[in-house]
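Below is one structure, written out as C-alpha cells; comments come after it.
Keep in mind that the numbers below use all heavy atoms, side chains included, and drop hydrogens, waters and symmetry copies.
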Amino acid sequence: MMKNIDLSSLILNNELEWMESIGCKIKKCSNNIFISHPYNNSIDFNFVAVYSNDFLPSSKCYRISNKTNSQLTKIEILKNYIPEYCFDINFIFNGTKSSNEDFRFSELNYEHWKQECEIKRKKLFNAHYYFIWHKNLKIGKFSTIEDDEIIGIYDYEINPIFRRKGLGSKFLKSYCSVQNKLIFIQTWSENLSAIKCYKKAGFATYEILYRYVSYN
C-alpha cells in the first residue's frame, strides 16, 4: 500500500499539470507551491499549497491537505485567515471493476473538444480529451492527465438532458474498470450530486483540501 504522502504527491503533481494546461503559473519554493492565474482571480486558481511551516503571509489564500502535518493549521500566521466553509475533496477509485459495453469513450483533439468560449489550453503530451457515448448517443465529455502511476479525471460533465439517470456513475465505473493505474477525481464539498455520482461509481474519499483566506 502506497504511503499517504506518496499518493498525495502523485495527486498534487497531476493536478498541477492540469492547472498549468489551463494557464496557471506554478512556482515551487521549498516545500510550498505558489499557484496563480493571469486572467482568473478566483481562489481556486490563486493560492499557496502549504506543505511546511516555513512560509510568509504573502498570499490571500493558503490550501492545506489533511494528509500533511496537522500542526500546520495551528501556525500563528493562519490566525489572521478565515477557513472557507467549502473545501475540495480528492477521491480515489477502489471499487469492484466491471466494464459495461453500453458505454465507450472516443478521443479527439482539444480544438474539437473544447467549448466555443474556452481559452486555448497549453498542449501537454499526457493530456487527453474525450467524448462519452452511451450506445449511439453522445452524453458527455471529460479530460485526463495521465502520468506513469496515476490518471486524473478533469472536466467531467454529463449533458443536462442525460443527468439523473445514473449514466454518470455507470460510465465512470466502466472507464475505471479498463484502466491499470490509480485513478482520482476531485470536486468541492457542496457539489453533492457529483459526490453521490463518484461514490456510486466506486470512488472513496482520500483527501480533504482546506483553504484559509484573508479578506483584508
Side-chain angles (χ1 to χ4, degrees), residues 2-94 119 121-122 124 143 145 147 150-157 182-199 203-216:
M2 193 173 297
K3 294 180 180 179
N4 285 341
I5 189 63
D6 294 335
L7 182 50
S8 295
S9 295
L10 287 177
I11 292 173
L12 176 62
N13 289 333
N14 191 283
E15 182 187 7
L16 291 175
E17 290 179 275
W18 179 78
M19 287 186 170
E20 185 179 9
S21 78
I22 64 171
C24 289
K25 306 298 182 183
I26 312 295
K27 180 182 178 183
K28 296 184 179 181
C29 181
S30 298
N31 292 321
N32 303 317
I33 302 170
F34 296 77
I35 296 97
S36 62
H37 196 289
Y39 310 117
N40 188 331
N41 61 6
S42 164
I43 61 173
D44 290 333
F45 306 113
N46 296 272
F47 61 91
V48 177
V50 178
Y51 289 90
S52 80
N53 58 10
D54 181 23
F55 67 95
L56 298 173
S58 58
S59 176
K60 179 182 178 180
C61 177
Y62 291 96
R63 192 182 80 172
I64 299 177
S65 166
N66 70 327
K67 296 294 183 180
T68 60
N69 187 346
S70 61
Q71 295 301 310
L72 285 176
T73 58
K74 299 178 182 179
I75 295 174
E76 186 71 23
I77 292 172
L78 289 181
K79 290 184 177 180
N80 298 319
Y81 287 72
I82 300 173
E84 284 278 282
Y85 68 91
C86 185
F87 49 86
D88 292 334
I89 308 171
N90 285 331
F91 294 88
I92 287 287
F93 180 76
N94 66 356
I119 298 174
R121 297 191 185 186
K122 179 179 178 180
L124 299 178
S143 69
I145 298 292
D147 293 326
I150 194 167
I151 296 173
I153 298 176
Y154 301 92
D155 309 298
Y156 189 67
E157 179 182 0
L182 291 168
I183 303 172
F184 91 94
I185 193 168
Q186 183 186 101
T187 192
W188 61 97
S189 57
E190 298 228 317
N191 193 353
L192 300 182
S193 59
I195 292 171
K196 181 180 179 180
C197 172
Y198 302 161
K199 289 185 174 181
F203 284 83
T205 300
Y206 170 74
E207 183 177 30
I208 307 296
L209 302 167
Y210 299 102
R211 284 185 171 85
Y212 292 79
V213 182
S214 171
Y215 291 98
N216 295 330

Please step through side-chain contact (heavy atoms from CB on, under 4.5 Å) for the pair Tyr198 and Tyr156, ending with a clear verdict. CA-CA 11 Å; Tyr198 302 161; Tyr156 189 67; 4.3 Å; yes
Considering only heavy atoms from C-beta outward, does the side chain of Val213 approach that of Lys60 to under 4.5 Å? yes
Output for pair (Glu17 CD, Leu12 CG), nearest 0.5 Å, gives 10.0 Å
What orientation do Trp18 and Phe45 show, parallel under 30°, tilted 30 to 60°, or perpendicular over 60°? tilted
Which of these, Phe47, Phe34, Tyr212, Tyr81, sits in a ring pair (Phe, Tyr, Trp, His ring centres under 6.0 Å) with Tyr62? Tyr81
Residues which pass side chain to side chain donor-acceptor pair (under 3.5 Å) with Ser21, listed by chain and number, not counting sequence neighbours: none
Sorted by chain and residue number, the side chain to side chain donor-acceptor pair (under 3.5 Å) partners of Asn13 (sequence neighbours excluded) come out as none
Determine whether a donor-acceptor pair (N or O, by modelled atom type, separation under 3.5 Å) exists between the side chain of His37 and the backbone of Asp44. no
Measure the spacing between CD1 of Ile183 and CD1 of Ile151 and express it to the nearest 0.5 Å. 5.0 Å
Working for side-chain contact (heavy atoms from CB on, under 4.5 Å), residues Arg63 and Ile43: CA-CA 10 Å; Arg63 192 182 80 172; Ile43 61 173; over 6 Å; no
Identify the two heavy atoms, one from Pro38 and one from Gly23, that lie closest to each other, and give their separation to 0.1 Å. CD-O, 3.3 Å
At what distance, to the nearest 0.5 angstrom, does OG1 of Thr187 lie from CD1 of Ile153? 12.5 Å
Which pair of non-hydrogen atoms, one from Asn46 and one from Ser36, has the smallest distance, and what is that distance? OD1-CA, 3.4 Å
Return the CD to CD1 distance between Glu207 and Ile11, rounded to the nearest 0.5 Å. 5.5 Å
With rounding to the nearest 0.5 angstrom, report the CZ to OG1 distance, Phe91 to Thr205. 4.0 Å
Can a side-chain donor-acceptor contact be found between Tyr154 and Asn14 if the only test is distance below 3.5 angstrom? yes
Run the side-chain contact (heavy atoms from CB on, under 4.5 Å) check on Ile185 and Phe203 step by step: do they pass? CA-CA 8 Å; Ile185 193 168; Phe203 284 83; 3.8 Å; yes
By salt bridge (charged side-chain N to carboxylate O under 4.0 Å, His left out), which residues pair with Arg121, not counting sequence neighbours? Glu118, Asp155
Note: Ile92 and Phe184 closest approach over all heavy atoms is CD1-CB, 3.6 Å
The side chain to side chain donor-acceptor pair (under 3.5 Å) partners of Lys122 (sequence neighbours excluded) come to Glu20
Donor-acceptor check, side chain of Ser189 to backbone of Cys86, threshold 3.5 angstrom: yes or no? no
side-chain hydrogen bond (donor to acceptor under 3.5 Å, both in side chains), that's the test. Do Ser8 and Tyr206 meet it? Break it down for me. CA-CA 9 Å; Ser8 295; Tyr206 170 74; 3.2 Å; yes
Check side chain to side chain donor-acceptor pair (under 3.5 Å) between Asn40 and all other residues, then give those that pass, not counting sequence neighbours. none
Heavy atoms, side chains only, cut-off 4.5 Å: are Leu182 and Leu7 in contact? yes
Verify, without hydrogens or angle tests, whether Asp88 (side chain) and Leu209 (backbone) share a donor-acceptor contact under 3.5 angstrom. no
From Asn66 CG over to Ile208 CD1, what is the distance, rounded to the nearest 0.5 angstrom? 5.5 Å
Is the shortest heavy-atom distance from the side chain of Ile35 to the side chain of Met19 under 4.5 Å? yes
Partner residues of Lys196 under the side chain to side chain contact (heavy atoms under 4.5 Å, CB included) criterion, sequence neighbours left out: none
